[in-house]
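What follows is a single structure, written as C-alpha cells, with notes after it.
Letters A, B, ... are given to chains in the order of the sequence lines, protein chains preceding strands, and every chain is numbered from 1. Predicted model only: the values in this text are computed from it and were never measured.
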Amino acid sequence: DSGVTQTPKHLITATGQRVTLRCSPRSGDLSVYWYQQSLDQGLQFLIQYYNGEERAKGNILERFSAQQFPDLHSELNLSSLELGDSALYFCASSSAGTSLNEQFFGPGTRLTVL
Amino acid sequence: QQPVQSPQAVILREGEDAVINCSSSKALYSVHWYRQKHGEAPIFLMILLKGGEQKGHDKISASFNEKKQQSSLYLTASQLSYSGTYFCGTDATSSNTGKLIFGQGTTLQVKP
C-alpha cells in the first residue's frame with residue numbers, strides 16, 4: 001500500500017459523458033501527478049500539480065482538466081468521453097515537485113467508455 | 001521523446017540474472033525505474049541522478065551512463081516475485097518538475 005488513494009476503482013460510462021476521478025496523496029506529499037495507461041501507449045504523463053499550482057503538463061487533451069485543492073487532494077475531470085479514453089488512470093504523489101524524488105502510485109481507476 | 005527499453009521481453013528461470021536497458025536520445029538529468037504487476041500500480045525501485053547519486057532498494061542495482069544517456073537495471077538471482085513489467089522514466093528537461101517520460105516497458109517472466 002503506497003498511501004495514495006484513488007476513487008472510484010472502476011467506472012463504466014457512455015460516450016459523450018463526463019466523469020471525475022479523485023486522488024488523495026500520501027500524507028505530507030505536496031505534488032500530485034496524473035498518468036494514463038492504455039494497452040498500446042504505456043504510461044503517459046498527463047499533468048502535475050505542486051501545492052495547488054500546475055507544475056508541468058504533458059499531452060493532456062483539452063477535454064481533460066485537473067486541479068489540486070487546498071487539502072492537496074486532486075481531481076481529474078474527463079469530458080465528452082470517447083471510446084479511446086478507456087484506460088487505467090493512475091495518480092501518483094511525491095514529497096517535492098522535481099524528478100529528484102520517487103513517485104508513489106495509487107491503485108488506479110479503470111475507466112471503460114461504452 | 002520516449003526512451004527506448006530493451007529487451008521488450010525476457011523469460012528467466014529462478015536464480016538467473018537479467019539486464020534491462022533504457023536509452024534516450026537526449027541528455028538525462030534523472031532516470032527512474034518502476035515495476036508493475038498486471039493490473040496493479042507501478043512500484044518504485046530506483047532513482048539514478050546526474051552526478052552519480054542513487055536512491056532505491058538495497059536488493060536492486062542499476063547504473064547510469066550520462067555520456068551515453070543510458071541506464072541499466074540489474075536483476076540478479078531472480079525470484080518468482082520479480083515477474084512483471086519494468087518501466088524506466090526519464091527527465092530530460094531539468095526544468096524543476098517531476099515530469100517523467102516512460103519507456104514502453106520490458107516484460108520479465110521468471111519461471112520455477
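- Considering CG of B:L100 and CD of A:Q103, their distance stands at 4.5 Å, rounded to 0.5 Å.
- A:Q37 contributes atom CD, which lies 9.5 Å from atom CZ of B:F102 (distance to the nearest 0.5 angstrom).
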Q: Report the C-alpha separation of A:F90 and B:Q36 in whole Å, then their side-chain angles, then the decisive distance to 0.1 Å, and conclude whether the side chain to side chain contact (heavy atoms under 4.5 Å, CB included) test is met.
A: CA-CA 12 Å; A:F90 286 107; B:Q36 183 181 30; 3.5 Å; yes
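- Taken from CG in A:L100 to CG in B:N96, the straight-line distance is 8.0 Å, to the nearest 0.5 Å.
- One N or O on the side chain of A:Q48 and one on the backbone of B:G98 form a donor-acceptor pair closer than 3.5 Å.
- Side-chain heavy atoms closer than 4.5 Å link hydrophobic residues (I, L, V, M, F, W, Y) into clusters, and following such links, possibly through other members, connects B:I20 to B:L80.
- Here the closest heavy-atom approach between residue B:D91 and residue A:S99 is recorded as OD2-OG, 2.6 Å.
- Linking ILVMFWY side-chain heavy atoms closer than 4.5 Å, directly or via other members, places A:F64 and A:V19 in a single hydrophobic cluster.
- In this structure, OG1 on B:T97 lies 6.5 Å from CZ on A:F45, to the nearest 0.5 angstrom.
- Note on B:W33: it clusters hydrophobically with B:I60, by side-chain heavy-atom contacts below 4.5 Å among ILVMFWY residues.
- Few gaps surround NZ on B:K37; more than 12 heavy atoms of other groups in view lie less than 6.0 Å from it.
- Taken from OH in B:Y34 to CZ in A:F105, the straight-line distance is 5.5 Å, to the nearest 0.5 Å.
- Surrounding CG of A:N59 are at most 12 heavy atoms belonging to other residues, nucleotides or ligands under 6.0 Å away.
- By the criterion of side-chain heavy atoms lying less than 4.5 angstrom apart, applied directly or through intervening Ile, Leu, Val, Met, Phe, Trp or Tyr residues, A:L88 is grouped together with A:Y33 in one hydrophobic cluster.
- With hydrogens and angles disregarded, no donor-acceptor distance shorter than 3.5 Å links the side chain of A:R55 to the backbone of B:K99.
- In the hydrophobic cluster analysis, where Ile, Leu, Val, Met, Phe, Trp and Tyr join through side-chain heavy atoms closer than 4.5 angstrom, A:L46 is grouped together with A:L61.
- In this structure, chain B has a heavy atom under 4.5 Å from the side chain of A:Y35, while its backbone stays farther away.
- Interface remark: of the candidates B:K55, B:E40, B:Q104, B:K55 forms the most heavy-atom pairs closer than 4.5 Å to chain A.
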